Colleague: 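Here it is, the structure in full.
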Amino acid sequence: MGQATPPGEGGGKLLEHCGFTAIYCFGDSMYDSGNALAESPQGPMGKFPYGVTIHHATGRFTDGYTIIDRIAEAAGVPPLNPYLKRNMDHSKGANFAVGGVGLLSKEARAKWHVKLPFSNSSVDIQLKWLGRHLNQAYRNETARREHVESSLFVLGGAGNDYLNMNLSFSSLPRVVQMKRIMPALLAATQVYVKTLITEYGARKVVVPGILKAGCRVSTGGFFHDTQVQCDETLTSVAALHNRLLKRELERLRIKFPDVEIVYGDMWMATHWLFDHFGSAGIHHPNERCCGNSSIGCGMPGAPYCGNPSDYIDWDGTHFTDHAYRLMSDFLIPQLASGLGCRAAANNVRSQG
């Protein structure tokens, strides 16, 4: 069966024509390239078989690379080094994302009964790290401004706030409680985007939405008979969050007309993945490749599939390198269009 091709041209080098000199990323374990491991050096993400596809564990929560690495590749930028790891090159940007964190600050998490026990380095803290990095790297204000204006900023990380609410504080249905926290998460996103623009001078910002979660597929024996069933609560919350997020981003575009603010459609990227897993060469869409309900991936005795590219699910929570690549091939053409990279490419061709 042939390889599936997502709408557009796939990832390729579509972002190169935007001329980004650096990429800065914020978020959680979906984007983290080693910060959680720097905070917890004995963490399982630093042990085999994490990183097996790229021959070493980097602290990424997968067998290889993540979506932000594919975005960097499409922009002609090296994979982003984790900010917290010492003696790393951050001249082409930095990854501030930390596995296990959310958007809300420590104070807001307490108010909404969100428990994130693995790290307190939420996105508000990560933005402070950005300021520290820029102050240390660029003493000259003009050089700093030019660097920031030619950089791409990717702001992710809302999923953990929803998934880690302590629902025992209320008798309200799960979906109602999760939706009550939504205005706080959207407000936090708005504040963070404004901070990137007004305090740091960002001119290109991508804000990914929430992906489909809790999904399983059934094929009836044939890939063209595939049916995707997802957790109804998570699906309804994610769909509403994404719809309202797009509305918030549109308001920000009106407020900052000289800034490209692009919504990253993770929902449709995962939707495409689940609809086309068979033709994409994935034969085990429902099983996890590493670990099980009793033994987590990276722990002694955890089972490992041996062929991650046959799977969507890496460790019960995160995707495989192959799945992330397929999702990136869907997402990157959309980002290239929103960021003006396609227009830049067309101008190059017309001048050639």
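Because only heavy atoms are used, hydrogens play no part in the values below, and waters and symmetry mates are left out as well, while side chains stay in. This one's a predicted model, so the numbers in the text were calculated from it and none came from an experiment. The residues of the chain are indexed from 1 along the displayed sequence.
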Colleague: Going by an N to O cut-off under 4.0 Å, is there a salt bridge joining Asp69 and Arg325?
Modeller: no
Colleague: Walk me through whether Cys290 and Cys305 qualify under disulfide (SG to SG under 2.5 Å).
Modeller: CA-CA 6 Å; Cys290 182; Cys305 68; over 6 Å; no
Colleague: Taking atom types as modelled, find out whether Glu39 and Ser121 have a side-chain donor-acceptor pair closer than 3.5 angstrom.
Modeller: yes
Colleague: Per the side chain to side chain donor-acceptor pair (under 3.5 Å) rule, which among Thr320, Asp321, Asn307, Asp63 passes with Thr53?
Modeller: Asp63
Colleague: How are the rings of His241 and Tyr162 set relative to one another: parallel (under 30°), tilted (30 to 60°) or perpendicular (over 60°)?
Modeller: perpendicular
Colleague: Check whether more than 12 heavy atoms from other residues, nucleotides or ligands sit under 6.0 Å from atom NZ of Lys85, and answer yes or no.
Modeller: no
Colleague: Do the rings of Tyr50 and Trp314 sit parallel, tilted or perpendicular, given the 30° and 60° boundaries?
Modeller: perpendicular
Colleague: Is the closest side-chain donor-acceptor distance between Arg109 and Asn164 under 3.5 Å?
Modeller: no
Colleague: Should the pair Glu250-Arg253 be classified as a salt bridge under the 4.0 Å nitrogen-to-oxygen rule?
Modeller: yes
Colleague: In the single-linkage hydrophobic clustering (I, L, V, M, F, W, Y; side-chain heavy atoms under 4.5 Å), do Met268 and Leu331 co-cluster?
Modeller: yes
Colleague: Ignoring hydrogens and geometry beyond distance, is a side-chain donor-acceptor pair present between Tyr83 and His133 at under 3.5 Å?
Modeller: no
Colleague: Decide if atom NZ of Lys212 counts as having more than 12 heavy atoms of other residues, nucleotides or ligands within a radius under 6.0 Å.
Modeller: yes
Colleague: Are Val77 and Ile54 connected, step by step, through hydrophobic side chains (Ile, Leu, Val, Met, Phe, Trp, Tyr) whose heavy atoms are closer than 4.5 Å?
Modeller: no
Colleague: Assign the ring pair Phe96 / Tyr24 to parallel, tilted or perpendicular, where the plane angle (0 to 90°) is split at 30° and 60°.
Modeller: parallel
Colleague: Answer yes if the side chains of Arg60 and Thr58 hold a donor-acceptor pair under 3.5 Å, and no otherwise.
Modeller: yes
Colleague: Give me the ring orientation class for Phe61 and His318: parallel if the planes are under 30° apart, tilted from 30 to 60°, perpendicular past 60°.
Modeller: tilted
Colleague: Taking SG to SG, are Cys215 and Cys230 separated by less than 2.5 Å?
Modeller: yes
Colleague: Assess whether atom CZ of Phe256 is packed by more than 12 heavy atoms of other residues, nucleotides or ligands within 6.0 Å.
Modeller: yes
Colleague: In this structure, are over 12 heavy atoms from other groups packed under 6.0 Å from Asp258 atom CG?
Modeller: yes
